[in-house]
Each structure stands twice: as structure tokens, then as C-alpha cells.
Amino acid sequence: MSNTEIIIIGSGIGGLSCAALLAHYGLDVTVCESHTIPGGAAHSFQRDGFIFDSGPSLYSGLSYSPSPNPLKQVLDAIGEPLPCLNYDTWGCYLPEGNFNTSVGADQFCDILRQLRGNEAVKEWRKLQQVMKPLAKASVALPPAALRFDWNAILTVGKFAPSLLLKSKQVLKLTGPFSTIADEVINDPFIHHWLDLLCFLLSGLPATGTSAAEMAFMFADWYRPGVKLDYPVGGSGALVDALVRGLTKNGGKLQLNAHVEQILVKNNQAIGVKLGNGDTLTATRGVISNASVWDTLKLLPLDAVSQQWRTQKQQTPPCDSFLHLHLGIEGDNLPSDLPCHHIVVNDWEKGITAEQNVILVSIPSLLDPSLAPPGKHTIHVYTPGNEPYHLWSDLKRNSNAYQQQKEGRSQVMWQALERIIPDIRHRISVSLVGTPLTHERFLRRHRGSYGPAIQAGKALFPGPNTPIDGLWCCGDSTFPGIGLPAVAASGMMLANTFASVDQHLHLLKRLSL
């Protein structure tokens, strides 16, 4: 048996952000990770000299400070720089045609004029004007100032005047983005485009995505001189920076340390039992970075009421992923090939329809260190639209599973062939990941992308549980799926354990 102040279950970006900040604040923190690699859905792995991202490929707001991106705020807080490469263009393969588009206010209007005419451009410009004050409101209160106790009154005080001036806009941010878009947009293509952006942010269309998430995106993607970022070394470099922030201040990361049960005594979380039989006790609390469904599996049956357990079990999940990781020969590729591409097969099916949206990332075009000389690393994936039930009865080593992988991955190959027509003749490494892969290595319930909680219909629950000393962070607690959202959840929870003086000193140092 060993002791620590705080145990964090899972080393996803939310858990690592929380852990690194807690260690920065001087607390004794131990992170328990089931996998052999930290990072959760954002980890990277190597195969035959190729370095692959397992999850996110689109980043922004990481290459300047102060930044509205909560993840950048965490990195600045723990003093860990993250060198990034910049770009501004990605490829689109849509039912209307193929084109490259860029972040920034103007280039998309040129595309829109070609596809839909001047009236569509007027609508988009009007939406930009409507979103401008909302975008300012969405970043008026940095997540770094927030905490989950009454002392938040003191830490957000500096930002209160700005919030009061923007109170009308702040109220508009609480509902679904569709409420705002529908008042301005009539053009069907723009509606489809906005649904696509919402889906990439939250796993839901505009009717279920909060206006705050889209306002934040408008604030970041349409500011002057904007660039997108890619961490040098891939997502693994981001994970390494957070781990360095944890360990340099005395925090510990235990890999191959699967938590089998959260220990509860007299309605108090007192530690965890690991799969190898070891027990780790916590004097200040246990924080679960696992999903809501996976956290429930770790609790003794009598630790919470059946009503609360049932309510949490009924949290609607997003679907899962398919991944295609490829190492390819890189000769004779177009010199102007963008590193990222979005493929939509059919708007009429709906943006969340299975195998309808495919994302392609070729990060070695930006960072050649991710592949051997003369080769490239490619990650193709279907983002949260692969049904788990198609896989649930298959055994991973069976012929049926291999056939299913072959058949279901064809949509990714076909998308990639639109970008690199001779791709099948370039292959050095080919790997397919499925919902069962997600479930096995990331221990994600049904391989899920996260909760599908619709804005305007239900709220994300935040970090609290009925058990004293048991907290949660990650995508089950805070709206938005992706790195900024989970980093924000971890940061706000870590702030709650800090003194007000520590917290205010941090805000001063971040110049927020």
C-alpha cells in the first residue's frame, strides 16, 4: 500500500492537465493509467519508423500567448513550451466539389461566391457580424480563472466588468448554435457547412452544439493573421509536455496501472485498488478522468444510489471511430498538397450518418520527423460516426473481425484515393483501428467519442459526484469534445484544490 494526496484515474489530456497543475500548486499527485502509453485518445505510437497520432489532428491557439485555448493556458501555467508548425489551408472534398479553404475571414467567401453566389456571401458576412460580439463574450472569462467553489467569486472578479458589459451575449451562448444560425442563414450549403463544423467540435449537428463552442471557434479561426498549429513531434509531444509538467514538480505517472475499483468508506473516496492487487490511498481525493460510464464501473454497487447510477448510465453516447494508419512512399506527391482534408459523401444523409464524414491527416508534410526519409505518415478516420453495435459481437482475432475491418475501412481508402489516387500502390505500413480497438486500449465504454449531450436540452454535469472526495474531469463533465474542452475541465478542477492566493498568482503570471 502506498499513499498520495490525490489520485487521478486515466492519463487523457483532461487528467494530465489536472495532474500537472495540481503538482504545480504543490500537491502530491499520482496518475494511474491502464495503457502502456500516456495520453488517452491523444496518445501517439510508432510502427516501423512511422509516428502516428491516435486521435486529434487539428489544433489552434497553441502557438501564441495569451491564448483563449485552455490547453495553451495549462501549458503556460506549468511552464512547458510546445513548439508548433503553422499552416492555414486544408482540402475539402464535398458534394459541391473539391477545393482548398483557409482559416481567416475572407478566403471562404471567395469559395462561397464560386459555389453559391453573392447572396450566400452576404449571409455568411452577416453571420460573421452576428458572431463577432458573441465570440468576444466566449473568451471574456478565461477557464484559467474558474474553480468549482465559492472562491471563484474572488478569482473571476477581474473579469466581472467585461462579463457584465457582455451579459446579453453571454446569455445567448447557453443555447444551441442553430438558434443563432437559423436567424441569419437560409442558404442550404452554409447550413451544411455549419453542421460540419459543429460535428467536428462536439460530435453533434448545429441543433445540439452549444453556441458557446461555435463562438469560441469563430473567435479563434476568424481573427486577423490566424494560423492553425501542429505540435512538432505530433500529439505525443503535447502529451510529453504535460507529463514533464507533472513529474518536474514531484507528480507521478504509473503506466500499466489499471484501476479496478475506487475505494469508498463512509461515503468518502479514500483510494483505488489496482488490477495487480495493489492499493493506493489518497488523503485529499480521487479524480476520475474516465468517461461517465467507465467511472460507474469502478464504483462499488452500494457506493451510490441506484437512481443516480441509472441516471448516469443513461447519458447518451456519441458513436465510435474507425482509424486507418498508413505509412507510404512519398515520392511525386503534389508540392502544394495540404496536410489535412475533410471528405463529406452526402449532405442529405445528415452530418452524423455513419461513414459520411472522413478526415485525412498527413502531418509529415509539415513535420518530416514523423516518417522515415522519403515517406509520409497518414491518419484517416471517421470522427465519432462508427456504430459500436456493428462490432460488439465480433472476436478481435476472428476471420469475421478481419473481414469487417476490410469492408468497413473501404470508405476511408476511397476518401484517400480522391486525394492521392495511387495510394494503394504506396503502402509500407497499414493498420486499421475499430471501436473494439478504442474499447480495449483506451477502455472507453463502447469505444465512444464521448457524451452526446444536446445543448438546450441538458447540461453537462460538471465535476461533482455524490461521494465526498470523488471528482471527475474530462469529456463527460464539460461541453465540447476535443482538447480545449477536456483541458478546461482539468484546469478548473485543479484550481479548486489551490488556495486563492496561488490561483490569483497564476492568473497574474499568465497575463490573463
Rounded distance (nearest 0.5 Å) linking atom CG of Asp294 with atom OG of Ser34: 9.5 Å
- prompt: Is the backbone of Ala77 close enough, under 3.5 Å, to the side chain of Arg509 for a donor and an acceptor to pair up by distance?
  reply: yes
task: Please answer whether the main-chain N or O of Leu442 pairs with a side-chain N or O of His35 as donor and acceptor at a distance below 3.5 Å.
output: no
Closest heavy-atom pair and its distance - Ile37, Ser44: CG2-O, 3.8 Å
field: Heavy-atom pair with the smallest gap, counting every atom of Leu370 and Gly234
entry: CD2-N, 4.1 Å
- request: Quick one: pull up CD1 in Ile287 and OG1 in Thr465 and give me the separation to the nearest 0.5 Å.
  value: 11.0 Å
query: Would you say the side-chain atoms of Ser63 and Asp229 include a donor-acceptor pair closer than 3.5 Å?
result: yes
message: Using a 3.5 Å distance criterion without hydrogens, assess whether the side chain of Asn249 forms a donor-acceptor pair with backbone atoms of Ala20.
response: no
query: Do the side chain of Lys172 and the main chain of Thr179 share a donor and acceptor less than 3.5 angstrom apart?
result: no
message: Aromatic contact between His445 and Trp293, with the criterion being ring centroids under 6.0 Å apart: yes or no?
response: yes
query: For the rings on His438 and Phe321, is their centre-to-centre separation under 6.0 Å?
result: yes
message: Would you say the rings of Phe497 and Tyr25 are close, in the sense that their centroids are separated by under 6.0 Å?
response: no
query: For Asp182, does its backbone N or O pair with a side-chain atom of His191 as donor and acceptor, under 3.5 Å?
result: no
query: Just checking, is any N or O donor in the side chain of Asn385 or Thr352 under 3.5 Å from an acceptor N or O on the other one?
result: no
- prompt: Which of parallel (below 30°), tilted (30 to 60°) and perpendicular (above 60°) describes Tyr87 and His340?
  reply: tilted
query: If you draw a 6.0 Å radius around NZ in Lys297, do more than 12 non-hydrogen atoms from other residues or ligands fall strictly inside?
result: yes
message: For Lys349, I'd like to know if atom NZ has over 12 heavy atoms of other residues, nucleotides or ligands within 6.0 Å.
response: no
- request: Could you check if a side-chain atom of Pro383 sits within less than 4.5 angstrom of a side-chain atom of Val357, using non-hydrogen atoms only?
  value: yes
query: Does any N or O in the side chain of Ser67 come within less than 3.5 Å of the main-chain N or O of Gly61, such that one atom is a donor and the other an acceptor?
result: yes
- prompt: Just wondering, are more than 12 heavy atoms of other shown residues or ligands nearer than 6.0 Å to NZ in Lys136?
  reply: no
- prompt: Are Phe108 and Trp193 an aromatic pair by the rule of ring centers under 6.0 Å?
  reply: yes
message: Keeping Asn151 on the side-chain end and Val500 on the backbone end, is there a donor-acceptor pair under 3.5 Å?
response: no
message: Quick check on Lys312: does its NZ atom have over 12 non-hydrogen neighbours (other residues, nucleotides or ligands) under 6.0 Å away?
response: yes
Heavy-atom donor-acceptor pair, Ser448 side chain to Cys318 backbone, under 3.5 Å: yes
query: Is there a donor-acceptor contact under 3.5 Å from the side chain of Asp475 to the main chain of Pro451?
result: no
